[in-house]
A.B. asks: 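Would you mind keeping the following structure in view while I ask a few things?
Note that this is a predicted model, so its numbers are computed, not measured. Remember, it's 1-based here, ligands and their atoms both numbered in the order they're listed.
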Amino acid sequence: MRVFSGIQPTGSLHLGNDLGAIRQFTDLQSRAECLFCVVDLHALTVPQDPAALRAATLQVAALYLACGIDPRQAVVFVQSHVAAHAELAWLLGCLATTGELGRMTQFKEKSRGHESVSLGLFAYPALMAADILLYRSTAVPVGDDQRQHLELTRDIAQRFNARFGETFPVPDAFIGKVGARVMSLQDPAEKMSKSAADPASRVELLDPPAAVRAKIRRAVTDSGREVRHDREAKPAVSNLLEIFALVSGEPVAALEGRYGDGGYGRFKADLAEAVVAHLEPIQGRYRDLQAAPDHLEAVLADGAVRAGALADPTMRDVRARLGLLPRP
Ligand code: AQP
């Protein structure tokens with residue numbers, strides 16, 4: 001199994017990124033060949049401040065390590081350091097159609113209300129397909145929101161193989177059962193997101209304990225006082241229960257049993273402490289990495305070399321199959 005996944009440096013990582021994606025990365029790294037990427041080219045599909053993008057790219061990479069990704073096991077690198085991502089995105093973009101790209105929910109949501117958006121935002125799924133197929137990846141751990149993009153990657157891989165001969169494995173999405181869709185603390189109908197306007201909607205991995213406690217105290221709940229998991233009738237409380245289960249390791253049923261109809265006050269206070277305890281070691285390791293920036297730089301330099309070496313043979317093969325002349 002070869003695993004590829006990435007996170008955009010579009011803001012500060014939150015519990016959704018951690019529980020939906022990074023947790024799966026750390027689970028997989030000891031039993032598969034893994035590549036984990038900071039997808040900075042994806043971030044450019046919406047306007048970015050250059051200094052903020054640079055800082056966020058390093059921050060995501062540091063948080064990968066702080067959350068437990070081990071660069072001796074997994075290849076950790078920055079997307080723009082391997083130029084083949086952009087080249088393959090162009091080639092695969094010539095196989096994707098405007099009809100299928102226009103149907104992508106993320107494109108519709110991010111372009112809503114704008115008269116015109118970047119070509120990059122429209123072509124985002126072709127770049128994502130390139131990221132994955134460049135390494136002939138077979139499994140892609142992602143949150144549920146990326147399911148549709150992954151389906152398109154599979155279609156593009158199959159189309160390429162059918163036209164030009166068997167080149168790419170058709171990758172499978174690797175989506176966790178719980179945590180695949182962590183919802184906003186302010187609106188359980190919306191996913192928790194880095195770029196949502198209200199910072200109270202998410203717990204960021206680098207939030208200090210006081211901020212975590214305040215955000216969870218202010219999190220919306222449902223009517224009634226019963227702590228029960230029911231996504232339909234109690235979407236807000238169900239979301240909090242899932243977060244609690246994931247950060248504490250206790251099953252949802254055990255938490256329901258403990259808090260039952262005792263109201264939301266004690267439940268939220270204990271949830272806040274469980275989240276603070278979950279984040280504390282991550283933040284400690286993050287501070288250590290900040291204190292030794294050379295280490296992170298070396299990890300990313302090594303990652304770029306290792307990723308480039310895996311990408312080269314794919315690109316040689318793809319160019320030849322498409323009819324491009326070999327490079328002189
Ligand atoms: N709320 C979430 N619950 C579970 N998983 C999530 N992921 C994101 N939000 C949640 C997963 O995290 C990985 C990285 O996501 P991304 O940064 O590439 O982009 P995204 O999915 O668009 O995440 P955000 O936070 O909402 O970013 P912005 O606001 O920039 O668009 C992916 O595996 C994703 O599924």
Side-chain angles (χ1 to χ4, degrees), residues 3-28 34-49 52-53 56-57 59-61 63-64 67 69 78-79 85 104-112 117-118 120-121 124-125 127-129 131-132 137 139-153 171-199 201-206 215 219 231 235-236 238-240 242-243 245-247:
V3 172
F4 176 92
S5 199
I7 296 187
Q8 302 183 78
T10 41
S12 219
L13 298 197
H14 50 75
L15 277 179
N17 300 130
D18 175 22
L19 304 175
I22 300 177
R23 173 163 296 213
Q24 301 198 75
F25 300 177
T26 52
D27 283 351
L28 284 164
C34 290
L35 295 108
F36 298 125
C37 186
V38 185
V39 287
D40 54 348
L41 298 177
H42 281 278
L44 292 175
T45 57
V46 294
Q48 299 293 338
D49 169 68
L53 178 62
T57 301
Q59 191 186 79
V60 173
L63 279 170
Y64 276 170
C67 288
I69 292 175
V78 175
Q79 184 186 31
H85 286 258
M104 295 293 112
T105 309
Q106 180 177 288
F107 173 70
K108 287 188 202 159
E109 282 174 358
K110 291 199 171 173
S111 57
R112 188 172 300 141
V117 294
S118 74
L121 188 64
Y124 181 111
L127 178 58
M128 179 163 159
D131 299 338
I132 295 164
S137 315
V140 187
V142 281
D144 191 55
D145 60 316
Q146 293 298 330
R147 194 185 288 275
Q148 195 186 29
H149 287 161
L150 204 76
E151 271 307 313
L152 184 55
T153 296
D172 290 312
F174 200 93
I175 298 176
K177 285 191 185 64
V178 186
R181 191 167 271 268
V182 177
M183 308 312 280
S184 156
L185 298 182
Q186 292 300 315
D187 177 1
E190 294 290 329
K191 72 164 191 158
M192 189 178 281
S193 171
K194 290 186 225 95
S195 51
D198 181 3
S201 66
R202 59 183 169 264
V203 172
E204 296 179 4
L205 300 187
L206 296 176
K215 286 178 180 181
R231 276 259 174 212
S238 300
N239 186 43
L240 296 180
E242 286 182 26
I243 294 173
L246 284 162
V247 298

A.B. asks: Kindly give the heavy-atom pair with the smallest separation between S12 and E204, and that separation in Å.
C.D. replies: CB-OE1, 3.3 Å
A.B. asks: By side chain to side chain contact (heavy atoms under 4.5 Å, CB included), which residues pair with Q106, not counting sequence neighbours?
C.D. replies: K110, Y124, Q146, H149
A.B. asks: How close does the nearest protein non-hydrogen atom get to atom 16 (P) of ligand 1, and which residue and atom is it?
C.D. replies: K194 NZ, 3.6 Å
A.B. asks: If hydrogens are left out, which of R147, R23, R181, K191 has an atom nearest to atom 22 (O) of ligand 1, that is, the closest non-hydrogen atom?
C.D. replies: K191
A.B. asks: Is A180 near ligand 1, meaning one of its heavy atoms is under 4.0 Å from it?
C.D. replies: yes
A.B. asks: So, the side chain of T57 versus the backbone of P9: is there a donor-acceptor pair under 3.5 Å, distance only?
C.D. replies: no
A.B. asks: Hey, is ligand 1 close enough to T10 that some N/O pair sits below 3.5 Å?
C.D. replies: yes
A.B. asks: So is there a nitrogen or oxygen of V39 less than 3.5 Å from a nitrogen or oxygen in ligand 1?
C.D. replies: no
A.B. asks: I need the minimum non-hydrogen distance between P141 and Q24, along with the two atoms involved.
C.D. replies: CB-CB, 3.9 Å
A.B. asks: Apply side-chain contact (heavy atoms from CB on, under 4.5 Å) to L205 and C67, showing your working.
C.D. replies: CA-CA 9 Å; L205 300 187; C67 288; 4.0 Å; yes
A.B. asks: Check whether any side-chain N or O of H14 sits under 3.5 Å from a backbone N or O of N17 as a donor-acceptor pair, and report yes or no.
C.D. replies: yes
A.B. asks: What residue and atom, counting heavy atoms only, is the protein's closest point to atom 14 (C) of ligand 1, and at what distance?
C.D. replies: I7 CG1, 3.5 Å
A.B. asks: So for R202, does at least one of its heavy atoms come nearer than 4.0 angstrom to any atom of ligand 1?
C.D. replies: no
A.B. asks: Within the distance-only criterion (no hydrogens, no angle test), does the side chain of N239 pair as donor or acceptor with the backbone N or O of M183 below 3.5 angstrom?
C.D. replies: yes
A.B. asks: So which heavy atom on F25 is nearest to which on G6, and how close?
C.D. replies: CZ-N, 4.5 Å
A.B. asks: I'd like to check whether M183 has a polar contact with ligand 1, where a contact means an N/O of the residue lying under 3.5 Å from an N/O of the ligand.
C.D. replies: no
A.B. asks: Closest by any non-hydrogen atom to atom 34 (C) of ligand 1: pick that one out of D145, V60, V142, T45.
C.D. replies: D145
A.B. asks: Looking at ligand 1, is there an atom of it that comes within less than 4.0 Å of some heavy atom belonging to H14?
C.D. replies: yes
A.B. asks: By the salt bridge (charged side-chain N to carboxylate O under 4.0 Å, His left out) test, which pairs, at least two apart or in different chains, include something from residues 182-197?
C.D. replies: D145-K191
A.B. asks: Is the contact between K110 and ligand 1 made by the side chain, the backbone, both, or neither, using heavy atoms and a 4.0 Å cut-off?
C.D. replies: side chain
A.B. asks: Does Q186 use its side chain to pair, donor to acceptor, with the backbone of D198 at less than 3.5 Å?
C.D. replies: no
A.B. asks: What part of N17 sits under 4.0 Å from ligand 1 if we count only heavy atoms: the side chain, the backbone, both or neither?
C.D. replies: both
A.B. asks: Ignoring hydrogens and angles, tell me if any N or O in the side chain of R23 forms a donor-acceptor pair with the backbone of G176 under 3.5 Å.
C.D. replies: no
A.B. asks: Taking the side chain as every heavy atom from C-beta outward, state whether L63 and L206 have any atom pair closer than 4.5 Å.
C.D. replies: yes
A.B. asks: Looking only at N/O atoms, are G16 and ligand 1 under 3.5 Å apart anywhere?
C.D. replies: yes
A.B. asks: Considering the heavy atoms of G20, write down every atom of ligand 1 situated less than 4.0 Å from one of them.
C.D. replies: 4 (C), 5 (N)
A.B. asks: Less than 3.5 Å between some nitrogen or oxygen of G143 and one of ligand 1, yes or no?
C.D. replies: yes
A.B. asks: Go through ligand 1 atom by atom and flag the ones less than 4.0 Å from a non-hydrogen atom of S195.
C.D. replies: 28 (P), 29 (O), 30 (O), 31 (O)
A.B. asks: Provide, to 0.1 Å, the distance between atom 3 (N) of ligand 1 and the closest protein heavy atom, together with that atom's residue and name.
C.D. replies: V182 N, 2.8 Å
A.B. asks: For atom 19 (O) of ligand 1, which protein heavy atom lies nearest, and how many Å away is it?
C.D. replies: Q8 NE2, 3.2 Å
A.B. asks: Against heavy atoms of A21, which atoms of ligand 1 measure under 4.0 Å?
C.D. replies: 12 (O), 13 (C), 33 (O)
